[in-house]
Amino acid sequence: MATPLPPQPPRRVSCGSLLQELQELWGEIGQDEMERDRMILQLEEDCLNVYRKKVDQTRRQKADLRQALSVGEADIDKILSALGERESFPRSEKLGGTLMEQLAKIEPVLRDLRQRRDERVNEFRAVLLQIVRLQSEISGTIDHGDPTAPVVDENDLSLKRLGELRLQLNELQTEKNLRLQKIDIQINCVNEMCSILSLDLKKALYDVHPSYAELGRSKPVSISNSTLERLAGKVHALNHEKKQRLRKLQDLGSTLIELWNLMDTPVDEQRCFDHVTSLIKVSPNTAMPEGCLAHDLIEKVEIEVKRLTHLKASKMKELVFKKMTELEEIYRSVHMDIDSDSERRILNDLIDSGRADLSELLAGMDDRIVEAKEQALSRKDILEKVEKWKSTSEEEIWLDEYERDQNRYNAGRGAHINLKRAEKARVLVSKIPSLLENLTAKIKVWEKEKGIPFMFDKASSIK
């Protein structure tokens, strides 16, 4: 089989050869000379138009290349300026070569700069997005949805500006961390006070912001100014409630002790409220047991105080008259008069009328008892001398009767005993004037010190 010949390149044809062939064809045809000239002119005009069109097209291409060069150079300058870099790129006239060669030199540089610009824009966008998000967290606008993506100013992409933004971001992150620390401290306070007051911690935190109710911190918490103010307000309100409850419980505890003391309540009954009385001297800032200020606990103590108060009212009358009996015994022991019947009648009417404060009445009775004891103690020395004087006076009377007895010397039973008693009586009677004088002096001194007359009851009057 014969080997096929390789394809031959097309034979190059020129405009002149074609015109010559056309002339020959026209000659063979017998084409009119004028028509030939006309068609040749037309061909020349068509040829000129083709050249002219090609020239215009080439001029536009050149202009486009120059425009591309100009735009490329402008983009290079703009990107370098935006990046804040001082390096420069030589102008096209200094690059040398054709326009296409110059453009070929610019394009990789421009491509590299655009890539660097895009990377820098992404860095700016990432930092700005964090800044905007932190600002929205602090302002609270994030509660209404995520912030819109920030627009990056591509005219300033310098490292200096990026550093300023990163510094701003660090400041905002520091501010956020400080706020989170403050929130942790205040939430711990809320937790502690809810534990002491037996309140629902989750509800208390939800009232501040729903994000605080997620105790596991699976979601970010609100750090806005308004939320921090509400959290501080919640801490203040709980602290105020804590102080009020503590003050109320302390008052109730003090009342309990007072009632126990008044009614001699057994120690075993008192122990049931040790957790209450142990808080009487506690400062509001002192650590307290869980649930010690619970509302139901305070109600329980209030019920007990009401019960004891009711019991106190029924026993108070008995206590008052018991004090009155004690007062009467003191007065009686030192020979002082007291109108017992009248005072008891007045006390009875006062208590039954309900006008008297029984605690004040008891306190008044205690004061009178203390005063009576003090007065009794101050009268003791005088009363002892009064008793001695009375005893001596009785011996004086006996001695008078004894000396008037004509049979006093008869040797009867007991005569020697009476004789000895008479001898002693004479000695005592001889001392009566000095004894009376001494007693009177002491009474005067007592009256001067006390500013009141020294009174005897009717049975002890000096005759």
Side-chain angles (χ1 to χ4, degrees), residues 192-200 237-331 338 340-374:
E192 179 184 349
M193 286 187 282
C194 283
S195 173
I196 292 172
L197 300 171
S198 287
L199 298 177
D200 187 340
L238 288 173
N239 193 43
H240 180 68
E241 177 69 14
K242 172 186 170 184
K243 290 180 179 178
Q244 280 191 322
R245 290 194 188 186
L246 178 61
R247 190 180 303 114
K248 186 173 186 178
L249 201 61
Q250 288 175 332
D251 291 342
L252 289 170
S254 299
T255 304
L256 276 178
I257 293 176
E258 179 184 342
L259 290 168
W260 290 338
N261 292 337
L262 282 174
M263 292 180 287
D264 297 327
T265 303
V267 176
D268 290 342
E269 291 184 25
Q270 297 180 23
R271 286 199 185 100
C272 297
F273 295 92
D274 282 349
H275 58 290
V276 176
T277 55
S278 64
L279 296 175
I280 290 178
K281 300 297 182 181
V282 168
S283 165
N285 298 324
T286 305
M288 300 181 200
E290 180 179 349
C292 67
L293 298 181
H295 190 265
D296 56 350
L297 172 63
I298 295 176
E299 284 186 341
K300 181 180 177 182
V301 180
E302 285 178 326
I303 291 172
E304 178 64 12
V305 167
K306 287 179 182 178
R307 185 186 73 83
L308 290 176
T309 301
H310 180 73
L311 185 62
K312 163 190 167 183
S314 62
K315 290 189 175 182
M316 195 62 76
K317 190 172 184 179
E318 177 185 344
L319 291 172
V320 169
F321 283 106
K322 184 177 180 181
K323 300 281 185 185
M324 186 65 200
T325 300
E326 182 180 354
L327 184 65
E328 289 170 346
E329 289 176 354
I330 295 171
Y331 273 97
I338 180 171
S340 298
D341 293 339
S342 176
E343 287 211 25
R344 284 178 177 272
R345 186 169 55 255
I346 292 172
L347 285 173
N348 190 67
D349 293 343
L350 195 59
I351 293 171
D352 289 345
S353 69
R355 298 191 307 270
D357 185 323
L358 297 180
S359 297
E360 291 184 2
L361 196 59
L362 273 177
M365 293 298 294
D366 286 335
D367 291 341
R368 288 187 66 185
I369 289 171
V370 170
E371 182 181 354
K373 287 180 177 179
E374 291 176 353

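Remember, it's a predicted structure, so these values are computed and weren't measured experimentally. Values below: every heavy atom of this structure, side chains too, minus hydrogens, waters and symmetry copies. Residue indices begin at 1 and follow the sequence shown.
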Quick one: list whatever passes side chain to side chain donor-acceptor pair (under 3.5 Å) with Gln250, sequence neighbours left out.
-> none

What residues, two or more places apart in sequence or in another chain, satisfy side chain to side chain donor-acceptor pair (under 3.5 Å) together with Lys242?
-> none

Are any of the side-chain nitrogens in Glu304 or Lys300 under 4.0 Å away from the carboxylate oxygens of its partner?
-> no

Return the minimal non-hydrogen interatomic distance between Thr265 and Gln270, and the atom names on each side.
-> O-NE2, 2.8 Å

So do Leu246 and Lys243 actually touch side chain to side chain, heavy atoms under 4.5 Å?
-> no

What are the two closest heavy atoms between Leu308 and Leu256, and how far apart are they?
-> CD1-CD2, 3.5 Å

With the threshold set at 4.0 Å, does a side-chain nitrogen-carboxylate oxygen contact exist between Arg344 and Asp341?
-> no

With rounding to the nearest 0.5 Å, note down the distance linking OG in Ser198 to CG in Leu293.
-> 8.5 Å

Measure across His275 and Cys272 and return the closest heavy-atom pair with its distance rounded to 0.1 Å.
-> CE1-O, 3.1 Å

Rounded to the nearest 0.5 Å, how far does CE of Met193 lie from CZ of Arg245?
-> 12.0 Å

Return yes if some donor-acceptor pair links the side-chain N/O of Glu326 with the main-chain N/O of Ile369 below 3.5 Å, else return no.
-> no

Any donor-acceptor N/O pair, Thr286 side chain to Val282 backbone, under 3.5 Å | no

Shortest non-hydrogen pair, Leu238 vs Leu197, comes out as O-CD1, 3.9 Å

Distance col, row Leu259:CG vs Arg307:CZ, nearest 0.5 angstrom, shows 10.0 Å

Are any of the side-chain heavy atoms of Ile257 and Ile280 separated by less than 4.5 Å?
-> yes

Does the pair Thr309 and Lys306 meet the rule for a side-chain contact (heavy atoms from CB on, under 4.5 Å), with working shown?
-> CA-CA 5 Å; Thr309 301; Lys306 287 179 182 178; 5.5 Å; no

Please report the C-alpha distance between Trp260 and Thr277 in whole Å, then the side-chain angles of each, then the deciding distance to 0.1 Å, and finally whether the side-chain contact (heavy atoms from CB on, under 4.5 Å) criterion is met.
-> CA-CA 12 Å; Trp260 290 338; Thr277 55; 3.8 Å; yes

What are the two closest heavy atoms between Gly253 and Val276, and how far apart are they?
-> CA-CG1, 3.9 Å

Is there a side-chain contact between Leu279 and Cys292, using heavy atoms and a 4.5 Å cut-off?
-> yes

Identify the two heavy atoms, one from Ser283 and one from Met288, that lie closest to each other, and give their separation to 0.1 Å.
-> O-CE, 3.6 Å

